[in-house]
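Here is the structure we will look at.
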Amino acid sequence: MGGSLKGKTLFITGASRGIGLAIGLRAARDGANVAIAAKTDTPHPKLEGTIHTAAAAIEEAGGRALPLVVDVRDEDSVAAAIARTAEAFGGLDIVVNNASAISLTPTPQTEMKRFDLMHQINTRGTYMVSKYAIPYLEKAQNPHILMLSPPLDMQEKWFAPHLAYTLAKFGMSLCVLGLSGELRGRGIAVNALWPRTTIATAAVSNLLGGEALMQASRTPEIMADAAHELFMKSSRAITGRFLIDDTFLHENGVTDFSKYRVTPGVPLAPDFFVPDGNEPPPNALA
């Protein structure tokens, strides 16, 4: 893998921790500018990281950071944050729609306020951030929008156990489908990236499977490396794709995935939404 994001500006939602922060750190090692758009301004009792600790890590890694308190549900907040990013760094090159809410509850147990929260953050937030970024991305040399969302695999098994969450995540992916076509003529790439296995994040630890699932996960760096490789591509050459992390990395020359394991030797846990028949690269899960 080659190329550099030196001098490029990224706007990443939910970048105070997890996959969003990992993507920002990978770009920072190239010397990129990273706007950390997240809600956590002060330490949270159950979640590591704030926009300020993320900013410090970005700068320590070699990038320039702009910590921004942003609620992706609030239109004024989003519009102002994107404008401020472009003003601070002289433009905008890459948008990463990473912010997401999750509740794996069946329909009778899903409160409507939780349904609304997931849709406001996942689908509506992704749509709105992308919308306000377009005028700035049109001026960039190699503009990319990336959604951290799954392939559009319309199978009952993905919807039945947690309909509200799946609707909200697939809404993000529908934005990829629509925006990639809408923006293709303007040279703005719009793609989705999704992990084959669970990723060791706070959501996995706190909401999905605790320490046991964390040990059976890959680190966020696999998603960061895949995103970085995508951003190296010409925005006119790759758009409208629904990428799986290890498959895309393998397409680009990666053959050793062992470095991404949290615990060597522990079988990896599959993530939701990976389509049947989407086989991993050779020895990727070994």
Side-chain angles (χ1 to χ4, degrees), residues 1 12 14-15 17-26 47-49 96-104 118 122 146-162 165-166 168-170 172-173 176 191-231 241-286:
M1 297 186 294
I12 307 175
R17 62 182 66 89
I19 293 171
L21 177 57
I23 291 173
L25 288 171
R26 179 65 187 86
L47 298 171
E48 289 187 7
V96 180
N97 285 295
N98 167 70
S100 194
I102 181 171
S103 180
L104 300 179
M118 287 191 285
N122 301 6
L146 177 63
M147 318 318 190
L148 276 296
S149 66
L152 287 167
D153 186 36
M154 296 294 180
Q155 291 201 64
E156 179 185 287
K157 68 177 181 177
W158 302 132
F159 290 84
H162 35 69
Y165 173 65
T166 302
K169 288 304 290 186
F170 274 48
M172 296 175 70
S173 298
V176 173
N191 295 284
L193 178 64
W194 193 249
R196 182 177 303 280
T197 72
T198 54
I199 300 294
T201 63
V204 166
S205 177
N206 296 337
L207 301 174
L208 301 182
E211 186 59 27
L213 191 55
M214 290 285 278
Q215 298 303 316
S217 298
R218 284 170 167 162
T219 64
E221 282 69 33
I222 189 170
M223 293 289 282
D225 285 351
H228 185 274
E229 188 64 28
L230 174 64
F231 301 149
R241 289 189 62 182
F242 294 87
L243 306 168
I244 301 296
D245 55 0
D246 58 7
T247 299
F248 184 62
L249 286 170
H250 187 260
E251 286 177 12
N252 289 278
V254 177
T255 57
D256 181 8
F257 295 90
S258 61
K259 65 180 178 179
Y260 299 119
R261 283 178 175 265
V262 171
T263 307
V266 175
L268 292 166
D271 203 353
F272 306 117
F273 306 132
V274 178
D276 297 339
N278 187 302
E279 296 296 328
N283 302 314
L285 303 182

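FYI, the numbering just counts along the sequence from 1. All of these numbers come straight from a predicted model, not from anything done at the bench.
A ring-centre distance under 6.0 Å is not found for W194 and F242.
The residue from T247, I244, L249 that alone fulfils the side chain to side chain contact (heavy atoms under 4.5 Å, CB included) condition with P281 is T247.
Under the 4.0 Å criterion applied to side-chain N and carboxylate O atoms, K157 and D276 are assigned as salt-bridge partners. A salt bridge does not link R196 to D245: none of the charged nitrogens lies less than 4.0 Å from a carboxylate oxygen. The pair R261-E221 does not meet the salt-bridge criterion, since no charged nitrogen lies less than 4.0 angstrom from a carboxylate oxygen.
Two residues are said to be in side-chain contact when any heavy atoms from C-beta on lie closer than 4.5 Å; L146 and V176 fail this criterion.
Across all non-hydrogen atoms, the minimal contact from A101 to M118 is O-CG, 3.7 Å. Closest non-hydrogen pair, L268 versus A284, comes out as CD1-O, 4.4 Å.
Between F272 and Y165, the two ring planes are perpendicular [angle over 60°; tilted spans 30° to 60°].
Shown here is Q155, whose CD atom has more than 12 heavy atoms of other residues, nucleotides or ligands within 6.0 Å.
At least one donor-acceptor pair closer than 3.5 Å links the side chain of R17 to the backbone N or O of G49.
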**Asked** Can D271 and T197 be said to form a side chain to side chain donor-acceptor pair (under 3.5 Å), step by step?
**Response** CA-CA 5 Å; D271 203 353; T197 72; over 6 Å; no
